[in-house]
2 protein chains.
Amino acid sequence: MGIVRKTKAVTTVLNIFEAQNEAKSVVRLIELVKGVMNKTTVYRVLDRLEQEGVIHSFNGRDGLKWYAKCDEGCSSHKHLDSHPHFQCTECDKVECLSLDVKIPKLKNHKVDSTDILLLGQCEACCS
Amino acid sequence: MGIVRKTKAVTTVLNIFEAQNEAKSVVRLIELVKGVMNKTTVYRVLDRLEQEGVIHSFNGRDGLKWYAKCDEGCSSHKHLDSHPHFQCTECDKVECLSLDVKIPKLKNHKVDSTDILLLGQCEACCS
DNA sequence: ATAGTTTTGCAACTCAGTTGCATTAAATTA
DNA sequence: TAATTTAATGCAACTGAGTTGCAAAACTAT
């Protein structure tokens, strides 16, 4: 499993997530480390950290890929981050929601994961 | 409002959806009309039909854009197609689900829409 | 230090989706 | 039904997120 070396690139990315516990799109992350780190590396570091269970990914609107820190209890073995996400259509910010949404069982289907994205206006943009 | 001309391109696309009431990705649609219609036209026709309330769109896994025929009652004024979708991770097929999923209200947020995508194995791929 | 891997940077690529513009085809009017 | 207006189409070139191959650099262990 844990074949993630603690390289400069890895700590740079982790620092970003630790400095501000907020979901970020890959595009934004690449922007944040511009000049310091190559975009290919960003993609690869994120991949590895997700496999390690340190961060989790999901698709925002427009199909862009986003990442956020995992809740406690995630590991490379199992991801518990099946929570819904909310994205503001004005400022584009994403929030991880700790809602427990119950989806009725589907007959004759094996459901592995549930992606829920709510769109609307966040608190700041509402007022 | 109804500024959609009934062109050959429009009827070609509509025929595809009527021949088989099944969600289709744009990529697949372009493939289906290859040689007959330009891909730009496909995108534009789909855009217009969605605005008219004839079809609705959503993002499949991998962020690809998908379209499916609308339920009765949709129009350019309001789309009622907020139903969840199920996508098979083996054969990639998508099904529109007529489940009613209740999402708890979010404080201080204005929620406009809810995108739900379930991933797993469909009936055919389960057995 | 040395050897063996993993990581990184870079450049080139893929592929979904978009744009500008000239041409064509609907719909409208006379 | 021919002329006119306006929307729709085709084409080519572009954009931008994400990927790939490979050589060079940086970890880790011996």
Side-chain angles (χ1 to χ4, degrees), chain A residues 1-17 23-68 76 85 87 92 94 115 117, chain B residues 1-17 23-68 76 85 87 92 94 115 117:
Chain A
M1 304 279 110
I3 22 174
V4 169
R5 292 185 175 175
K6 282 206 183 126
T7 64
K8 215 162 80 177
V10 169
T11 47
T12 303
V13 170
L14 282 179
N15 282 342
I16 292 174
F17 282 110
K24 295 212 162 38
S25 69
V26 180
V27 172
R28 178 73 183 130
L29 285 165
I30 289 172
E31 206 176 293
L32 286 172
V33 298
K34 191 165 48 188
V36 178
M37 199 185 308
N38 186 273
K39 81 169 175 173
T40 310
T41 306
V42 176
Y43 279 105
R44 291 195 276 222
V45 166
L46 291 169
D47 266 0
R48 269 180 277 147
L49 290 176
E50 182 173 29
Q51 278 175 34
E52 289 299 301
V54 181
I55 55 177
H56 65 278
S57 72
F58 55 93
N59 292 315
R61 66 198 198 104
D62 321 317
L64 284 206
K65 201 166 192 183
W66 286 66
Y67 283 90
S76 51
H85 294 94
Q87 182 162 22
D92 252 21
V94 170
D115 294 352
L117 182 66
Chain B
M1 311 270 109
I3 22 171
V4 170
R5 293 184 177 176
K6 284 210 181 122
T7 64
K8 218 162 74 178
V10 169
T11 47
T12 302
V13 170
L14 282 178
N15 283 341
I16 291 175
F17 282 109
K24 294 210 162 41
S25 69
V26 181
V27 173
R28 177 74 183 128
L29 285 165
I30 289 171
E31 206 176 292
L32 286 171
V33 299
K34 189 165 51 188
V36 179
M37 201 184 308
N38 186 273
K39 81 167 177 174
T40 310
T41 308
V42 176
Y43 279 104
R44 291 197 275 222
V45 166
L46 291 169
D47 266 1
R48 268 179 278 145
L49 290 176
E50 183 172 28
Q51 276 175 36
E52 288 299 302
V54 181
I55 56 179
H56 65 278
S57 73
F58 56 94
N59 290 315
R61 66 199 198 103
D62 320 317
L64 285 206
K65 201 165 192 184
W66 286 67
Y67 282 91
S76 51
H85 294 94
Q87 182 163 23
D92 252 22
V94 171
D115 293 352
L117 182 65

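Just so it is clear: chains get the letters A, B, ... in the order the sequence lines come, proteins before strands, and each one is counted from 1.
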| said: Within the 4.0 Å heavy-atom criterion, would you say A:Thr40 contacts the bases, only the backbone, or no part of the nucleic acid? | reply: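 Answer is base: heavy atoms of A:Thr40 come under 4.0 Å of a base.
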
| Looking for any heavy atom pair under 4.0 Å, which part of the strands does A:Val36 touch: base, sugar-phosphate only, or nothing? | sugar-phosphate

| query | Which one, D:dG18, C:dG17, C:dG9, comes nearest to the side chain of B:Tyr43? | reply | C:dG17

| field | Nearest-neighbour nucleotide for the A:Asn38 side chain, D:dG18, C:dT8, C:dC10 considered | value | C:dC10

Write down the distance between [atom1] ([X]) and [atom2] ([N]), rounded to a whole number of angstrom.
X       : N      : atom1 : atom2 : result
B:Asp47 : C:dT19 : CG    : C1'   : 13 Å
A:Ile30 : C:dG9  : CD1   : P     : 12 Å
B:Lys6  : C:dT28 : NZ    : P     : 12 Å
B:Lys34 : D:dG10 : NZ    : C1'   : 17 Å
B:Arg28 : C:dC15 : CZ    : C1'   : 17 Å
A:Leu46 : D:dT19 : CG    : P     : 11 Å
A:Met37 : C:dT7  : CE    : P     : 14 Å
B:Leu64 : C:dT14 : CG    : C1'   : 13 Å

| task | Just jot down the side-chain hydrogen bond (donor to acceptor under 3.5 Å, both in side chains) partners of B:Asp92, sequence neighbours excluded, or say none. | result | B:Arg61

| Are the charged groups of A:Lys34 and A:Glu31 less than 4.0 angstrom apart, N to O? |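 Salt bridge between A:Lys34 and A:Glu31, a charged N being under 4.0 Å from a carboxylate O: no.
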
| Can you list the steps and then say if A:Leu14 with A:Val10 is a side chain to side chain contact (heavy atoms under 4.5 Å, CB included)? | CA-CA 6 Å; A:Leu14 282 179; A:Val10 169; 4.0 Å; yes

| Contact nearer the 5' end of DNA chain D, comparing B:Thr7 with A:Asn59 |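 The answer here is B:Thr7.
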
| request: Give the C-alpha distance, both sets of side-chain angles, the deciding distance and a yes or no for side chain to side chain contact (heavy atoms under 4.5 Å, CB included) between B:Asn59 and A:Asn59. | output: CA-CA 9 Å; B:Asn59 290 315; A:Asn59 292 315; over 6 Å; no

Test for a donor-acceptor pair under 3.5 Å between the base of [N] and the side chain of [X], counting only N and O atoms.
X       : N      : result
B:Lys39 : C:dG17 : yes
B:Arg44 : D:dG10 : yes
A:Arg5  : C:dT6  : yes

| Any donor-acceptor pair under 3.5 Å from A:Asn38 side chain to A:Thr40 backbone |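 Yes: the side chain of A:Asn38 pairs with the backbone of A:Thr40.
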
